[in-house]
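Remarks on the structure that follows.
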Amino acid sequence: MAEMAVDGEFGCGFLGGIFQRRSYWPRKTSVRSLPSTEHSKRQRSSSVESACKASNLANKSPPKLNEQSAKNSTLVHPKVSSTTSHKRVHGRRPSDAARSSTSSSTSSVQTKVHQSPDLGHERKLKREPTSNSSELTKMITDPQLLNESKALVRSTPSNAMLLGHLGNLKQTGPGKLFGNNSPNSTVRTVDYLSRNLREKSFMPNNPKNGFGKLGGNVVMGNIVRKNSDEFRQLRGLVNRLDPEAFKSKGNEAYKQGRFDEALALYDRAIGLDSNKATYRCNKSAALIGLGRIMEAVFECKEAILIEPSYHRAHHRLANLYLRVGEAEKALHHYKHSGTYANSDDIAKAQALQNHLSICTEARRLKEWNTLLKETKYAISSGADSAPQVYALHVEALLNLYRHEEAHATYQKGPNISIDSCTRLIVPAASAYIMMIEARVYLAAGRFEDAVAASQHAAKLDPSNKEVNIVVKRARAVKSARLSGNLLFKASKFSEAFVTYNEGLENDPYNAVLLCNRAACRSKLGQYEKAVEDCTTALNVRPSYSKARLRRADCNAKMERWEASVQDYEMLIRETPGDEEVGRALFEAQVQLKKQRGEDIKDLKFGSNLIFITSNERFRHFITSPGMSVVLFCNKSNHKQVLQVLEHVCKIFPSINFLKVEIEDHPYLANSEHVRSIPSFKIYKNGSRVKEIPGNDREMLESSVKLYSS
């Protein structure tokens, strides 16, 4: 025994030299290794320092973990071979008993080494530890040290499976963070480590069984693990490599409505593990929240490719297909949604399918009112992001010569790029959508955009006759306007008239060309024909102010003052601060009064400061077309406020400014809910829109300018 005893210098330096306290697990003496045969098992050393004696093992390769033992053993309690004999010592646990070497199949010799129960007589060597927690953290974060360091460290549940240099795991490649260099080693190790951390986090801090709460003072074998900041750094490293952590954070952000942040977190989870269908499905939910429907469809399809029986992904994809107007695909995925789909979902998809069938037939028969009605039903049935359904609706409006409504519907439709549409539907359907877009641009006077859109449609479906007709129309209209404008500027009104007329042969209800032709007719003295062109343009585009102004001017030249005043009043409602329109309106009103025989001697343009003498006069002005500004003040002490009013009157001569003295008209102050004196109130087309303190001239000017534009 004296010859076989291990020298004291191989004792545990961590316990005796650093912590100066006794472990729950008594220190064990080691014996020199006996020669083993092919069928014998290697005895596990209980001393950290004997494992670090790398110089005596230089000619031996690091031991590999046996697959069987890896499955059936733990990092803290290694099992002893069945051939190893144990001897209990009175008053001690079985795990403190001396361990004996294994016996060979060719030898029956057994050597038993007993450990003294008296721990007080054991020598405690005060040595510098071979490594500490700071060095371990540095090894984790510094790749260069990982390459250079070859020291062996006793493995524990907190460092095993993390670094190839730790414990008895073989380092298979220089400078590698993980001990396995196989393609899937990173994902497996991260999964293991995150799972290990979660499990250990719930373990009680009970040193009797060798386990403790992670981050606490844990007793493992004869190594005491001290609480340190380095462990928290290690946990942070694990969280940065755990895709489940990113998914959980993404779910939190999604619940709070932070869809951009959730999307970024789901992307990071997918970057770490692209084979999880859950990450793709959650990403699609974030994209739906951002209104990116087509991208959400793609992510759901990816999730189903990864996991074909994923019911939630099927249900989400079915809902998306319903929204984009693909009723048949929606029904297919509802049938694969398991318990997620209900009878209401199926009924919605079937109703949409029925409406779309009627739409197709109505378009074939050119029953535009029926098409308009059925597309409205389809949109209300759930197809609120369907580009094809909106295109059918717009086409019906265009063919009913409701160009302004068609343009408004087009702008409210789903904002989906044509490339995304092509990925979802067939190219012919995308070509149809582009053709309708070109027609909308033509109606709005955006001829260059119309040519570009129609040419794009022709590329998607070259054999489509309707598309080719629109291409020809767009090119002809664009050329006619360009040539006609050059001739008009050169005062060649007859030639310009002919050119605009050629363009109208290709697009008879184009409001821009009609208005331009009306300008030529007006210059040629054909006022009646000019009014007809303007009226036709206003029928398809009621808010086309240029056509209305031209019609008012032509009616004035034909002394049709009442019709002229009506158009000018309509224009002043739209642009209350337009001095040119205001002056034209005043002149038309004077001529109308003169034609009716009324007194016009006190009428003067720019005399827009009016003193209110009665409730009827007040109501007349604030309900008239355009904008009115009313000052509510006292009879005395209002000189400064009146100067503000007169200054703003000069800036906006076409706007009526009224003065109300509340001593004479207290009922007006009450009925208009005047809160302070003096104060201004702005009225537009009969509605009260804003109240401003009487001494704030800058705010009054900016508000009048804002509401008159």
Side-chain angles (χ1 to χ4, degrees), residues 293-294 321-331 348-418 420-422 424-444 450 453-474 477 506-510 539-541:
I293 303 299
M294 292 302 183
Y321 275 135
L322 187 73
R323 292 188 63 183
V324 298
E326 295 290 326
E328 292 182 4
K329 293 180 180 179
L331 283 170
K348 270 189 177 182
Q350 289 174 343
L352 176 61
Q353 192 175 33
N354 183 50
H355 290 311
L356 293 177
S357 298
I358 298 173
C359 287
T360 302
E361 183 65 15
R363 184 177 186 272
R364 187 182 68 82
L365 298 174
K366 297 184 179 181
E367 296 177 353
W368 306 119
N369 284 310
T370 302
L371 179 60
L372 187 65
K373 180 181 67 174
E374 290 299 324
T375 50
K376 286 181 180 178
Y377 288 152
I379 293 170
S380 62
S381 297
D384 58 351
S385 298
Q388 284 180 280
V389 176
Y390 272 89
L392 288 167
H393 189 77
V394 170
E395 184 184 20
L397 290 170
L398 288 171
N399 289 319
L400 291 170
Y401 306 113
R402 293 158 64 176
H403 294 179
E404 196 166 290
E405 292 180 61
H407 187 262
T409 303
Y410 167 77
Q411 288 185 316
K412 290 189 299 184
N415 186 19
I416 300 174
S417 68
I418 197 63
S420 299
C421 289
T422 306
L424 179 67
I425 56 182
V426 295
S430 298
Y432 167 73
I433 294 169
M434 290 300 296
M435 179 191 72
I436 298 301
E437 183 177 283
R439 290 186 61 186
V440 170
Y441 288 149
L442 275 176
S454 61
Q455 289 176 343
H456 193 174
K459 289 181 181 178
L460 292 171
D461 192 2
S463 61
N464 191 314
K465 293 181 179 180
E466 287 183 294
V467 171
N468 291 327
I469 290 172
V470 173
V471 171
K472 180 183 176 182
R473 183 188 304 170
V477 170
N506 291 279
D507 192 2
Y509 291 92
N510 189 279
N539 287 338
V540 295
R541 287 180 61 184

Heavy-atom check, side chain of V540 versus side chain of R402, under 4.5 Å: no

L331 to A349 - nearest heavy-atom pair and separation: CD2-CB, 3.5 Å

Side-chain heavy-atom pair K348, L352 within 4.5 angstrom cut-off: no

Residue pairs involving residues 374-392 (criterion salt bridge (charged side-chain N to carboxylate O under 4.0 Å, His left out); sequence neighbours excluded): R323-D384

Partner set under salt bridge (charged side-chain N to carboxylate O under 4.0 Å, His left out) for E367, not counting sequence neighbours: none

OG1-NE2 distance between T409 and H393, expressed to the nearest 0.5 angstrom: 4.5 Å

For H355, all residues meeting ring-ring contact (aromatic ring centres under 6.0 Å, His included), sequence neighbours excluded: Y377

Main-chain N/O of Q350 paired to N354 side chain as donor or acceptor, under 3.5 Å: no

Short side-chain to backbone donor-acceptor contact, N510 and L442, under 3.5 Å: yes

Rounded distance [0.5 Å steps], NZ in K459 versus CD in Q455: 7.0 Å

Show the atom names and distances, to 0.1 Å, of all donor-acceptor pairs under 3.5 Å that link a side chain in residues 425-440 to residues at least two apart or in another chain.
residue: S430; atom: OG; partner: T422; partner atom: N; Å: 3.4
residue: S430; atom: OG; partner: T422; partner atom: OG1; Å: 3.2
residue: Y432; atom: OH; partner: E395; partner atom: OE1; Å: 2.6
residue: E437; atom: OE1; partner: Y410; partner atom: OH; Å: 3.0
residue: R439; atom: NH2; partner: N399; partner atom: OD1; Å: 3.1

Atom pair OG/CG of S385 and N415 - distance to nearest 0.5 Å: 10.5 Å

Which atom of Y390 lies closest to which atom of P414, heavy atoms considered: CD1-CD, 3.4 Å

Minimum-distance pair of heavy atoms, taken over all atoms of L398 and A443: CD2-CB, 4.3 Å

Worked verdict on E466 versus K472 for salt bridge (charged side-chain N to carboxylate O under 4.0 Å, His left out): CA-CA 10 Å; E466 287 183 294; K472 180 183 176 182; over 6 Å; no

Interatomic distance, T360 atom OG1 to Q388 atom CD [nearest 0.5 angstrom]: 9.0 Å

Y321: partners by side chain to side chain contact (heavy atoms under 4.5 Å, CB included), with sequence neighbours left out: V297, K301, L317, V324, E326, K329, A330, H333, L424

Listed partners of E361 passing salt bridge (charged side-chain N to carboxylate O under 4.0 Å, His left out), at least two apart: R364

Closest non-hydrogen atom pair between G325 and A386, with its separation: N-CB, 3.6 Å

Heavy-atom pair of closest approach, residues A383 and V389: CB-CG2, 4.4 Å

Smallest separation among heavy atoms of V467 and A458, with atom names: CG1-N, 3.5 Å

Inter-residue atom distance K373.NZ - I358.CD1, 0.5 Å rounding: 8.0 Å

